[in-house]
Amino acid sequence: MSHRLFPAVRILASAAVLAANLFTLPAAAQPAGVTRTDLQRHDLSAPGREAVQVRVDLAPGVAFGRHTHPGEEIIYVLSGAIEYAVEGKPPVTLKAGDVLFIPAGTVHAAKNVGNATASELATYIVAKDKPLLMLAK
């Protein structure tokens with residue numbers, strides 16, 4: 001194989017990974033005004049587990065409804081003000097630099113309560129064979 005084909009193979013492989021990541025979140029689960037950008041995904045040393053890191057941007061007033069993840073979620077707020085409603089706890093509003101830990105399977109929701117776009121870095125430690133997000137009833 002010519003050395004000139006390797007970049008094309010890498011581009012095709014990257015496109016396939018991006019397409020797979022786009023399908024990890026059902027369209028119905030992502031409301032208008034929410035942008036999720038997959039940053040990285042890696043297998044962990046724990047069998048069957050992976051780390052997924054996503055940037056989530058919420059337009060002013062936009063809420064991401066009640067949902068769960070098949071593992072832990074670690075949140076770092078990058079900008080704005082986001083209110084988190086975690087089942088069993090009173091709602092909390094976090095601002096840039098604040099962090100939140102959400103245990104596996106815990107129902108939670110988020111809402112941008114500020115006047116500008118709010119952003120978070122979400123890191124998930126999850127089971128590989130399950131959807132990243134499931135809407136709660």
Side-chain angles (χ1 to χ4, degrees):
M1 181 180 276
S2 168
H3 70 280
R4 286 183 281 178
L5 291 179
F6 286 117
V9 171
R10 274 189 249 135
I11 290 170
L12 288 174
S14 295
V17 169
L18 176 61
N21 286 341
L22 290 175
F23 293 112
T24 61
L25 182 63
Q30 185 163 303
V34 176
T35 303
R36 294 175 59 88
T37 305
D38 285 357
L39 300 173
Q40 60 180 328
R41 178 181 297 251
H42 298 283
D43 290 345
L44 296 175
S45 59
R49 306 289 280 178
E50 68 179 338
V52 179
Q53 204 164 47
V54 177
R55 179 186 173 116
V56 181
D57 297 295
L58 301 164
V62 169
F64 199 107
R66 294 167 32 92
H67 62 281
T68 64
H69 304 284
E72 292 76 16
E73 179 178 10
I74 303 160
I75 296 168
Y76 176 77
V77 178
L78 298 168
S79 64
I82 305 173
E83 180 183 88
Y84 295 92
V86 178
E87 191 169 80
K89 297 182 179 183
V92 61
T93 299
L94 302 181
K95 296 184 176 159
D98 291 337
V99 297
L100 181 66
F101 177 84
I102 300 175
T106 301
V107 175
H108 60 286
K111 180 179 181 180
N112 179 348
V113 293
N115 296 324
T117 297
S119 303
E120 70 174 22
L121 177 65
T123 303
Y124 306 97
I125 307 300
V126 293
K128 288 180 64 170
D129 60 345
K130 296 185 179 175
L132 182 60
L133 182 146
M134 295 189 51
L135 294 178
K137 295 178 183 177

- Item | Joint hydrophobic cluster, L44 plus V52, side-chain heavy atoms closer than 4.5 Å | no
- Message: What's the separation between atom CD1 in I74 and atom OH in Y124, rounded to the nearest 0.5 Å?
- Response: 11.0 Å
- Closest contact, heavy atoms only, G114 versus P60: O-CB, 3.8 Å
- So CD of E120 and CZ of R36: to nearest 0.5 Å the spacing works out to 8.0 Å
- Task: Kindly write out the residues that satisfy side chain to side chain contact (heavy atoms under 4.5 Å, CB included) with L78, not counting sequence neighbours, or none if the list is empty.
- Result: R55, Y76, S119, L121
- Message: Quick check: do K95 and V77 have side-chain heavy atoms less than 4.5 Å from each other?
- Response: no
- Query: Judged by atom type as modelled, is there a donor-acceptor pair below 3.5 Å linking the side chain of N112 to the main-chain atoms of V62?
  - Reply: no
- Smallest separation among heavy atoms of A109 and G65, with atom names: CB-C, 3.8 Å
- Task: Mind checking side chain to side chain contact (heavy atoms under 4.5 Å, CB included) for A136 and listing every partner two or more places apart, or none if nothing turns up?
- Result: R66, V107
- Message: Under 4.5 Å between side-chain heavy atoms, counting indirect links through other Ile/Leu/Val/Met/Phe/Trp/Tyr residues: same cluster for V99 and V113 or not?
- Response: no
- Message: When you group the ILVMFWY residues by side-chain heavy-atom contacts below 4.5 Å and let the links chain together, are L39 and F64 in the same group?
- Response: no
- Message: Side chains of V86 and L100, heavy atoms from C-beta outward: is any pair under 4.5 Å?
- Response: yes
- Query: Just wondering, more than 12 heavy atoms not from D129 lying within 6.0 Å of its CG?
  - Reply: yes
- Here the gap from I102 atom CD1 to E87 atom CD, rounded to the nearest 0.5 Å, amounts to 11.5 Å
- Note on the structure: So OG1 of T68 and NZ of K130: to nearest 0.5 Å the spacing works out to 10.0 Å
- Task: Would you mind reporting whether R49 and K128 have side-chain heavy atoms less than 4.5 Å apart?
- Result: no
- Working to the nearest 0.5 Å, report the span between CD of Q40 and CD of Q53. 4.5 Å
- Mark yes or no for whether H108, through its side chain, and T106, through its backbone, hold a donor-acceptor pair below 3.5 Å. yes
- Shortest non-hydrogen pair, T93 vs A81, comes out as CG2-CB, 4.2 Å
- Enter the distance from T37:OG1 to D57:CG here, rounded to the nearest 0.5 Å. 6.0 Å
- Query: Going by side-chain heavy atoms closer than 4.5 Å, which hydrophobic residues are tied to M134, directly or by a chain of links?
  - Reply: none
- Task: Go through L133 and H69 one step at a time and tell me if the side chain to side chain contact (heavy atoms under 4.5 Å, CB included) criterion holds.
- Result: CA-CA 5 Å; L133 182 146; H69 304 284; 4.0 Å; yes
